[in-house]
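Here the structure is laid out as structure tokens; the discussion comes afterwards.
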Amino acid sequence: MSDLLANLNDPQLQAVTLPPQHALILAGAGSGKTRVLTTRIAWLISSGQCDPAAILAVTFTNKAAKEMLARLSTMLPINTRGMWIGTFHGLCNRLLRAHHRDAGLAQLFQILDSADQLAAIKRLLKTLNIDDEKFPPRELQHFINAQKEAGLRPDAVEAWDDYTRRRVELYREYEGQCQRESVVDFAELLLRSYELLERNEPLRRHYQRRFRHILVDEFQDTNRLQYRWLKLLAGGDPPACLFCVGDDDQSIYRFRGAEVGNMRDFEREFHVANVIRLEQNYRSHGNILDAANAIIRHNAGRLGKNLWTEQGAGEPIRVFEAFSDADEARWIVEEVQQLVRDGALRSDIALLYRSNAQSRVLEHALFSAGIPYRVYGGLRFFERQEIKHALAYLRLIANPDDDTAFARVVNFPTRGIGARSIEVLQDAARTYNTSLYATVPHLTGKPGTTLAQFVRLIEDLRRETARLPLPELVDHVLERSGLRDHYKAEKEGRERLENLDELIGAAANFVAESQADPEALAADHALLADFLAHASLEAGEHQAEQGMDAVQLMTVHAAKGLEFDAVFLSGLEEGLFPHENSILEAEGLEEERRLMYVAVTRARKRLYLSFAQSRMLHGQARYNLRSRFLEEIPEPLTRWLTPPKPRGNAATGFGGYYEPPRGAFATRPAAPAVPSRREEGGLHIGQLVSHARFGQGVIVAAEGSGANACVQVNFGASGIKWLKLAVAKLEPC
DNA sequence: GGCACAGTGGTTTTT
DNA sequence: CCACTGTGCC
């Protein structure tokens, strides 16, 4: 256990060993956030303070959840499978599967990803004969999701104008459609499980009693509903301890519902006494951090943080002014080549930009120079057309009422079912109020016959695969559906075929990882439903062109959480970064600035900033001013590679002229050898004790024996103290 | 059912 | 400028 706490800095140690109270950890970029989160969990369990089953840890991405589990299993010799660690959506899915009846859902309900949801909305508009010019599907999708994230069902939405009233009606219709089809979109996962817990008191009590510690990663990214969900779960009697880790300065997802205000609200509503700042950065050199600090200082209403490092100032930040975007790209390529010549790994170099369109010039320049590169952000595995098609067949096996899946493959590969037949079918489905699949038997005539053949195909598939292990099931469906033949016949179908084979691999992987008994689950296709949920919830890695050492290209958003030795940040121009759509509102501009902060803090050793006098945008040359964010970096931190025009002198030279700020942190005394778990007097590491003056605390370490015996106690808001047992009166509690 | 053409719009994105 | 959507024709 002493290993667990070794090498933590003071604030980290404090955070990890806090007594069971609510806590807000303000974790700066590169300050060891994930480490604190996972060590906290390991500490709670290994010190015997709580059972693994009493922990709920929630993240935003599958990647983060996986990393947490991986790290945890190296720290603890326990099986992490029973633990509730996952994404908000993943945990909600788990909850809804376990209580599908109470939640009003079919056992094998399907999950719609954003694309599926959009398709479902388009289909809805079509069946209702509504002009999609007047109600753009995308806008409607956004509207519906916004209502759900506000916790509002159609009845609760206040509509003051005809347009909104109409949209609310469509929201209601959409809900009806989803319910009929037994499908659930992303926002619905959250809202449904929120409502389930809210309405079902015994169930709520059960989970409130069970989860004693709720830990939240990237708390600044939570939306309103997620915050309410956490409040509900933590609000039992006694309440659970909420341990929220986040960085308000790195909140860059406001545009999709994230509410930085949740951090302040949390502190206020929960009377959080423990606000701990992790400000020591282990990633970047001093100049880079100082630039980041200087930039973010221009934002108002921050919770406040200042990053520092024990590393030196390092090199100055290089700034380059180009004539054009092409010129900028050419320069970047030259610098990259130089770095590589100097021994840098290409994969340690990142080219960042504000918007995807900017990658084009960079790619062109890299390609011409023959430098291997990799662009993040393309299609992901489960989003590919051929995979979606295969999944649609699988979904129909699990749930024939899934009209989205039905519509997708009823005529793919083509089997003579045209738009006309589908229209007839949809009308009939509307009349009978049944799913497309269930409506087929009602049809007569030729469309009825061909559609019936399709239904028979699905039914055959269900029967034939009932006892097959998942990978073989998938294989069989690929063959029998005609998908494989279709892509075999296609000229460009080679890669798609490979992807389809990879889907079998993904299924095999899933079975292995879920450690479930495939035999037991295969019978009723429950494992299949789990796999489909997995496919919807985790779109897979951003397509990796693995193998080759390649320069990394991505948007600043995509770079969050990553780090590189050298970072090129291009297009630092007004209108681009900050983006023109964000400049008008203060809120928008501040988010852009946070984005800039994120970008800068990606760099470990070297940071290059560049902008161009002219840039091709939408087929026209644009002349932008250089970004205000550039002006916000103190001059002594930079070195201009081109003469800085309106801003006076060129750089002073290389590092050495600048001392990084040092916190007034004494080095923590070497961790004392911690005695065995059980100490004399019933005191042990992790033991909850109370002190007349300092209140409740947790024993973190102990040393000495007899009259000299001392323990180190973390009293949370009152700090960490060494106490002599002979002197201090500590009551176990 | 698939291809050619016109038209449109064009931050950021995970689940 | 370019990528994507929808329409219309064969």
Side-chain angles (χ1 to χ4, degrees), chain A residues 58-65 86-94 111-118 122 132-133 136-138 141-142 145 148-149 184-191 193 217-218 221-223 225-226 251-258 325-326 352-361 364 376-380 382-383 411-421 486 490-491 533-542 554-561 571 573 575-583 588-589 591-592 594-596 598-599 615-622:
Chain A
V58 57
T59 63
F60 272 85
T61 64
N62 293 297
K63 198 174 153 210
T87 63
F88 277 103
H89 296 85
L91 295 174
C92 286
N93 175 50
R94 190 166 172 180
I111 298 168
L112 300 183
D113 67 18
S114 310
D116 296 333
Q117 185 189 29
L118 188 65
K122 282 182 181 165
D132 58 5
E133 303 259 289
R138 282 201 171 282
Q141 178 182 32
H142 184 82
N145 290 339
K148 290 189 181 186
E149 278 171 24
V184 164
D185 61 49
F186 285 144
E188 185 72 23
L189 280 173
L190 275 153
L191 183 55
S193 59
D217 189 19
E218 305 277 19
D221 287 339
T222 49
N223 65 31
L225 186 54
Q226 286 160 340
S251 162
I252 55 173
Y253 287 112
R254 193 177 73 111
F255 71 93
R256 65 169 200 224
D325 46 356
L352 307 184
Y353 35 82
R354 172 66 240 264
S355 59
N356 286 306
Q358 286 168 254
S359 75
R360 179 174 286 282
V361 235
H364 182 76
Y376 281 75
L379 262 194
R380 294 182 305 172
F382 287 110
E383 290 168 356
N411 198 34
F412 192 97
T414 48
R415 39 177 80 84
I417 302 173
R420 191 80 197 96
S421 307
H486 173 87
E490 208 175 59
K491 291 180 291 267
H534 167 82
S536 299
L537 291 173
E538 185 169 1
E541 284 288 292
H542 269 295
M554 68 193 85
T555 63
V556 179
H557 280 92
K560 191 179 158 213
E573 295 143 43
L576 245 193
F577 198 2
H579 195 274
E580 52 194 347
N581 298 357
S582 323
I583 284 178
L589 187 64
E591 176 133 321
E592 294 289 302
R594 293 193 290 267
L595 201 50
M596 178 72 186
V598 168
R615 176 177 300 275
M616 287 302 283
L617 203 66
H618 305 329
Q620 277 199 316
R622 297 229 331 209

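For a distance-only test at 3.5 Å, the side chain of A:T555 fails to qualify as a donor-acceptor partner of the base of B:dT13.
Along DNA chain B, the nucleotide nearest A:E592 and the nucleotide nearest A:T87 are compared for position; the residue whose nucleotide lies closer to the 5' end is A:E592. A residue-by-residue look at A:S582 and A:A187 shows that A:S582 has its nearest nucleotide of DNA chain B further toward the 5' end.
Atom C1' of nucleotide B:dT13 and atom CD of A:Q141 are separated by 12 Å, given to the nearest angstrom. Rounded to whole Å, the distance from NZ on A:K148 to P on B:dT15 is 19 Å. Residue A:H89 contributes atom NE2, which lies 12 Å from atom C1' of B:dT13 at whole-angstrom precision. The interatomic distance linking A:N145 (CG) with B:dT13 (P) rounds to 18 Å, in whole Å. Rounded to whole Å, the distance from CG on A:L118 to P on B:dT14 is 17 Å. If you take CG of A:N93 and C1' of B:dT14, they are 16 Å apart, rounded to a whole angstrom. Taking atom NE2 of residue A:H142 and atom P of nucleotide B:dT14, one finds them 17 Å apart after rounding to whole Å. In this structure, A:L91 atom CG and B:dT14 atom P are separated by 19 Å, rounded to whole Å.
Checked by atom type and distance alone, the side chain of A:R354 never pairs as donor or acceptor with a backbone atom of A:L576 at under 3.5 Å. Distance alone, capped at 3.5 Å, places no donor-acceptor pair between the A:H618 side chain and the A:Q620 backbone. Counting only distance, with no hydrogens or angles, the side chain of A:N411 and the backbone of A:I417 share a donor-acceptor pair below 3.5 Å. Using a distance-only test at 3.5 Å, with no hydrogens or angles considered, no donor-acceptor pair links the side chain of A:E591 to the main chain of A:G588.
If you take CE on A:M554 and OH on A:Y376, they are separated by 5.0 Å, rounding to the nearest 0.5 Å. Residue A:F382 holds its CZ atom at 11.0 Å from CG of A:D113, rounded to the nearest 0.5 Å. Atom CZ of A:F186 and atom CG of A:L537 lie 6.0 Å apart (nearest 0.5 Å). Atoms CG and CG, from A:N145 and A:D185 in turn, are 5.5 Å apart once rounded to the nearest 0.5 Å.
Put simply, A:R380 has a side-chain N or O that comes within less than 4.0 Å of OP1 or OP2 on B:dT15. An OP1 or OP2 oxygen of B:dT12 is reached within less than 4.0 angstrom by a side-chain nitrogen or oxygen of A:N356.
Across B:dT14 and C:dA3, the matching C1' atoms stand 23 Å from one another, rounded to whole Å. Here the separation of C:dC4 from B:dT13, taken at their P atoms, is 15 Å to the nearest Å. Spacing between C:dT5 and B:dT12 at atom C1', rounded to whole Å, works out to 22 Å.
If you check the side chains of A:Q358 and A:S355, you find a donor sitting under 3.5 Å from an acceptor.
Syn is the conformation of B:dT11, whose glycosidic angle sits no further than 90° from 0.
A:K560 and A:E218 are joined by a salt bridge, as a carboxylate oxygen and a charged side-chain nitrogen come within less than 4.0 angstrom of each other.
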Quick one: which protein N/O atoms are closer than 3.5 Å to N/O atoms of nucleotides 1-3 of chain B? Pair and distance per line, please.
{"unit_1": "B:dG1", "atom_1": "OP1", "unit_2": "A:N411", "atom_2": "ND2", "d": "3.0"}

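Here A:F60 lies in heavy-atom contact (under 4.0 Å) with sugar-phosphate atoms only. Among the protein residues, A:S536 comes within range of no part of the nucleic acid, since none of its heavy atoms lies under 4.0 Å from any strand. At a threshold of 4.0 angstrom between heavy atoms, the contacts of A:D113 with the nucleic acid are absent. Residue A:Y253 is in sugar-phosphate contact alone, with no base atom involved, counting any heavy-atom pair closer than 4.0 Å across all strands shown.
When the side-chain contact (heavy atoms from CB on, under 4.5 Å) test is applied to A:D325, the partners found at least two apart in sequence or on another chain are A:V361, A:R615, A:M616.
Ring-to-base geometry does not place A:F88 in a stacked arrangement with B:dT15 (centre distance under 5.5 Å, plane angle under 30° required). Residue side chain A:H579 meets the stacking definition with respect to B:dT11: its ring centre sits within less than 5.5 angstrom of the base's six-membered ring centre, and the planes differ by less than 30 degrees.
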Exercise for review: For each nucleotide in nucleotides 1-10 of chain C, reading 5' to 3', give B when a protein heavy atom comes within less than 4.0 Å of its base, S when such contact involves only the sugar-phosphate, and - otherwise.
Suggested key: BSS-------
